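Inspection log for the structure reproduced underneath, given as structure tokens.
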Amino acid sequence: MYEAYECSQLLKLSVPIECIAAYDNNLLVGTKVGHLLMYSISSRYSDNKNDVHLLRYNRAFSKKPIQQLAVVEEHQLLISLTDNIVCVHDIASINFVTICTVPETKGASLFSVDIKRTVTQSGKTSVIVRLCVAVKRKLLLFYWKNGSFHSLMEELTMPDTPKALAWIEETICVGFKGDSVYMLYHLNRDFKKDDWQQPLCPPGNRAPSVLGMNDENFILGKDNSSIFVKTNGEAASLKPMKWDSVPKDLVYDEPYIVALFPDSLEIRTVEPSLIVQLQKLKEPRTIIRCRSGLLYVASDEYVWCLQNVTWSRQIHFLLEQKQFQLALKIANISDEPSEDKAKNVHQIQTLYAYDLFNKKQFKESMEQFFKLETDPTDVVKLFPNLLPSQARTPLPEAVVKLDDMDLESGLLALIEYLTHVRHLKKAEKEKRDKEQAERDTKRKRGKLTIVEETNLEIESKKHEKFSKATEQLFQIIDTTLLKCYLQTNDAFVAPLIRLNHCHLGEAEKMLKKHGKNSELIILYQTKGLHKKALELLQKQSTHEDPSLQGHCRTVLYLQNLGRDHIELIFQFAGWVLEQHPAEGLSIFTEDMPEVESLPRPKVLDFLLRLHKNLVIPYLEHVIHVWKDESTILHDALVHQYREQVATLLNSDKAAEAKIVQAKLLAFLESSNSYSPENALIQFPYDSMFEERAVILGKLGKHEQVLSIYVMMLGNVNKAIKYCHEVYSSQRDGADEVYVLLIKMLISPPDSWLRGVPVSPATSKPDLETALSLLEENASKIRPIQALEVLPDTVPICRIRHFLETSLERQLNEIRRVLVLKSLTYAENLQVHEQRMHYESQSIMMTELNVCAVCKKRFGNQSAFVLYPDGDIVHFSCQDRKAEQ
């Protein structure tokens, strides 16, 4: 307990007191004999005394007891209930002159005043006064305008006689006589619906009491308890307050509730629920609130003043008692300057956060630290084992040391706190980065004044400083989170490390300590220490850790490195390629952007030097799957195929050699990217004739190709097929390839073909095949060349079809040329006619002519353009004319 209010006696009257009211420094006392007294009260904190002066005394204010008083200070109105009728008086006049009487309120038992103060757009304060009067079993509602009260809405019929009344915003709470329930009446609801009135809990065995606590809650009396209800009828989150006996009257003066009892008053706080002060008084009967921190209590003959002890004294005492929540409430409502108030609130909240931590309420403590935007480093210091050894400092005596049982709960709360801080800082960083990007864009556009350029430079420096500070903060947060996860839930370790903000040394040390090799590899990877990661992977490949055992993790790691680390890939791919060639080759052939971007000539060189057996599979994948058209790679594959065929033949593996030779032949035919000149040098003259023929074909050596098919391979059909392919593709020599074959069939080239050994079995003339070829392809062969190679002894009838086809083709060509000549001549006449038409047109250009685009006159040397619609523009303006 402590002293929240100082109590002092103000008055002792000779006439019994019925009610009191107060405003500003004035106190009004209504008596049972109808006298009204008005006093001026001035307080003196120094000696706990009050100066009391009687300002006015109206003995004839009423012939009956003054039942209730209320003051509307802004309008200088005094509202009174005497002789069961409501009257309005001028509080500024000497004898409280009556302004008006509200005749509809005759028979009234009590009233409640609602005063709304709003600030208009012009800055003036608008005051709306509303009045609710209980008349028997009815509620009458009025509003003040032009010197009188007017009806606000139709009267509300009650189930019983109202005995207690309070008005908050658009809700009126009524307590009834007897055992009837409390009722809420919602003025902003449709009266035709059932939800405009709402019953609440029964009042119990005591007279009902209703008090408006704030803009949201009512305080209702139930037996010897006070319960809290929201204006929507729901129970408030505040716990009911239980008194030792039934209070005679209550008042709420934030953060205190003051209750009157037969011989004392009791002061409590709502949240937390504490008994603050007890004060002995002689038969107090009613209590009112003048303003924050100033209350008046009255009995039948005495009036006391309750004035709050200075907020600073109360806060000081509460902090000593570690009542931080109450100290915060008082600090927030104190009348200190805003800057001092904010400073005090922050200090109290910080002390409260540390106190919650000491009480092992870790979650609540961390929530406070987050609201306070406390430096996360200071929060982490509460857990000394999370800091590096060189950064650890002894804990202050005010902070408890956690044992193993409480440590895990504390770490979980710290994790949640740091995660929230991280998300908040990340969002702030993204916002700042976006603003910096906009500044950079503005700078690139140029055309800035010196002031703008200077401001941009200043903001950029601020952003750079902020980015460095944020990066350091992320490092502290992530490193601490790593240590927390290792002690609570190591499933979150790997995702955290991938964020790449942990301190390398501390993280490496902790991961090694806990044997987290897989996560350690991720750390090395995110920090760019790929060599250390690969060394660890190679070392762990033979250990029992299932996540690292074998070669799969190494393969995946190497596949993701990319071309910038090609030498590192070569260094660590070796052991995988030796032990697992097929899987190892995927380091260079996996369908991933990083793998596809590797420099292929370097990979080829690496495989040729150290893993030659994988060269062909690598080249086949690069060429056939990735469609690489590099001459180097295509030449290499040709060479590797030829070399492998020779090796297999030397090893008496004819079947395997045949398979490879078939692949070689197919590749030579299909690929257009290898160099035929380079390939031809590699092939011998005494073997692999078909492959040599394909290469010679690529070089356009048709005569040598045909001689190989006819003379060496004895395969005339292949020679004919080759002629068809050359002619259909219209390669060089397509118009004479058939003639070459016919000549070769008629006159075997044993005497003129150089460099190719001719077999006697294939050197005999084959006139019949030559004539058949001539007849079947008559339209593709030039007649003069064909006739030159045919022997003179061939009868005309044998080449009749050939001659007829040739003549028809020549006639068709002559007709086509004549038609084309006529069309060209007609087109020439049209062009001449069109030229003559345009030359016949003319325009008159004078100094008055202006350009239709730029509206400027034409100079003597101006080039211009005339449009069909008659517009004349400068030659340089025609592009702008087209855009119009």
Side-chain angles (χ1 to χ4, degrees), residues 19 64-70 72 79-88 100-116 128-145 148-213 215-223 227-236 250:
C19 64
K64 297 290 182 70
I66 302 174
Q67 299 165 261
Q68 191 176 349
L69 293 172
V72 182
I79 303 173
S80 68
L81 175 61
T82 59
D83 198 13
N84 299 108
I85 192 168
V86 174
C87 299
V88 183
C100 68
T101 299
V102 187
E104 297 92 339
T105 64
K106 187 173 183 180
S109 56
L110 71 159
F111 67 81
S112 178
V113 179
D114 176 62
I115 302 176
K116 280 190 172 183
I128 299 174
V129 181
R130 298 187 294 180
L131 177 68
C132 176
V133 185
V135 180
K136 297 181 180 179
R137 293 193 176 187
K138 296 180 181 178
L139 287 185
L140 305 181
L141 301 169
F142 305 92
Y143 68 95
W144 180 261
K145 185 177 182 181
S148 63
F149 276 110
H150 304 269
S151 177
L152 177 66
M153 57 191 299
E154 62 185 70
E155 62 185 30
L156 305 178
T157 303
M158 302 289 104
D160 204 341
T161 303
K163 299 298 290 184
L165 189 65
W167 192 345
I168 298 177
E169 297 293 336
E170 301 303 314
T171 303
I172 298 175
C173 183
V174 184
F176 298 99
K177 179 181 179 181
D179 294 334
S180 300
V181 296
Y182 287 100
M183 295 286 288
L184 290 182
Y185 293 91
H186 304 288
L187 305 184
N188 55 355
R189 304 289 182 95
D190 187 349
F191 277 24
K192 296 180 182 179
K193 295 183 179 179
D194 296 334
D195 61 353
W196 72 276
Q197 58 181 2
Q198 191 174 2
L200 300 176
C201 59
N205 299 322
R206 60 174 283 190
S209 68
V210 181
L211 175 65
M213 179 179 174
D215 293 340
E216 298 179 354
N217 300 321
F218 291 104
I219 304 177
L220 309 182
K222 181 179 180 182
D223 295 329
I227 60 176
F228 304 91
V229 179
K230 293 182 179 180
T231 54
N232 60 6
E234 297 178 358
L250 288 175

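Please read all numbers here as calculations on a predicted model, not as lab measurements. By convention here, the first residue in the shown sequence is residue 1.
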Looking at [X] and [Y], what are the two nearest heavy atoms and their distance?
{"X": "N217", "Y": "A236", "answer": "OD1-CB, 3.9 Å"}
{"X": "Y185", "Y": "P159", "answer": "OH-CD, 3.6 Å"}
{"X": "C100", "Y": "S148", "answer": "SG-CA, 4.1 Å"}
{"X": "P162", "Y": "V174", "answer": "CB-CG1, 3.6 Å"}
{"X": "C173", "Y": "L200", "answer": "SG-CD1, 4.5 Å"}
{"X": "M158", "Y": "F176", "answer": "CB-CE2, 3.6 Å"}

Quiz item: Considering the options L184, L211, I227, which one meets the side-chain contact (heavy atoms from CB on, under 4.5 Å) requirement together with F218?
Solution: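 Exactly one pass, corresponding to L184.
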Self-check item: The single option from V113, L141, L131 passing side-chain contact (heavy atoms from CB on, under 4.5 Å) against W167
Solution: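 Going through V113, L141, L131 one by one, the side-chain contact (heavy atoms from CB on, under 4.5 Å) with W167 is satisfied by L141 alone.
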From [X] [atom1] over to [Y] [atom2], what is the distance, rounded to the nearest 0.5 angstrom?
{"X": "Q198", "Y": "T171", "atom1": "CD", "atom2": "OG1", "value": "9.0 Å"}
{"X": "S80", "Y": "I66", "atom1": "OG", "atom2": "CD1", "value": "7.0 Å"}
{"X": "E104", "Y": "H150", "atom1": "CD", "atom2": "NE2", "value": "10.5 Å"}
{"X": "I85", "Y": "T101", "atom1": "CD1", "atom2": "OG1", "value": "5.5 Å"}
{"X": "K64", "Y": "D83", "atom1": "NZ", "atom2": "CG", "value": "4.0 Å"}
{"X": "M183", "Y": "Q197", "atom1": "CE", "atom2": "CD", "value": "4.0 Å"}

I'd like to check [X] versus [Y] (side-chain heavy atoms, cut-off strictly below 4.5 Å). Are they in contact?
{"X": "L250", "Y": "I219", "answer": "yes"}
{"X": "L165", "Y": "I172", "answer": "yes"}
{"X": "F142", "Y": "T105", "answer": "yes"}
{"X": "E169", "Y": "T231", "answer": "no"}
{"X": "W144", "Y": "I115", "answer": "no"}
{"X": "D160", "Y": "R137", "answer": "yes"}
{"X": "I79", "Y": "L69", "answer": "no"}

With a 3.5 Å distance limit and no angle check, can you tell me whether [X] reaches the backbone of [Y] through a side-chain donor-acceptor pair?
{"X": "Y182", "Y": "S209", "value": "yes"}
{"X": "N232", "Y": "E234", "value": "yes"}
{"X": "N84", "Y": "A108", "value": "yes"}
{"X": "Q67", "Y": "L110", "value": "no"}

Quiz item: Is K116 atom NZ crowded by more than 12 heavy atoms from other residues, nucleotides or ligands, each under 6.0 Å away?
Solution: yes
Quiz item: Charged N to carboxylate O below 4.0 Å: is that the case for R130 and E170?
Solution: yes
Exercise. Please name all residues satisfying ring-ring contact (aromatic ring centres under 6.0 Å, His included) with F111, sequence neighbours left out, ordered by chain then number.
Key: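 Listed in chain order: nothing, the list is empty.
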Quiz item: When you look at V210 and L220, which way does the side chain to side chain contact (heavy atoms under 4.5 Å, CB included) test go after all the steps?
Solution: CA-CA 5 Å; V210 181; L220 309 182; 4.0 Å; yes
